[in-house]
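Okay, handing you the structure first.
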Amino acid sequence: MKITTNVACRPGEARAFMGLADVAPIQETTMDQMKERMQKTTSTMDPEAMFKTLFPFQPEKQADIQKALWSQLTSDKTGK
């Protein structure tokens, strides 16, 4: 015999039901600290440096990545 039970609840309700700790205050504190650090960092960075930090792939490297991906897709996996 197989019994299936579906329970509809929010993540917080599931954590409380399972007896897990409420991590919301820790998450809020961490997010506030991260936001503060990001604001300090972005105010001191110039736009070009920030762009390179957010998008590390330079256009010239994208061609190399495309070539490597294409060679992997077109290679014969059977060894023939």
Item to check | Any residue meeting side chain to side chain contact (heavy atoms under 4.5 Å, CB included) with Met18, in chain and number order, not counting sequence neighbours | outcome: Leu20
Next on the checklist: Checking Asp22 now: which residues fulfil side chain to side chain contact (heavy atoms under 4.5 Å, CB included) with it, not counting sequence neighbours?
Outcome noted: Ala24, Pro25
Checklist entry - In Å, rounded to the nearest 0.5 Å, how long is the span from CD of Gln27 to CE of Met31? => result 9.0 Å
Distance-only donor-acceptor hits, side chain of residues 9-17, under 3.5 Å, sequence neighbours excluded:
| from | atom 1 | to | atom 2 | distance (Å) |
| --- | --- | --- | --- | --- |
| Arg10 | NH2 | Glu13 | OE2 | 3.2 |
| Glu13 | OE1 | Arg10 | N | 2.9 |

Item to check | Set of side-chain hydrogen bond (donor to acceptor under 3.5 Å, both in side chains) partners for Gln66, sequence neighbours left out | outcome: none
Checklist entry - Taking ILVMFWY side chains as joined if any heavy atoms are under 4.5 angstrom apart, and letting links pass through other members, which residues group with Trp70? => result none
Checklist entry - Among all residues two or more places apart in sequence or in another chain, which pass the salt bridge (Lys or Arg N to Asp or Glu O under 4.0 Å) test with Lys40? => result Glu36
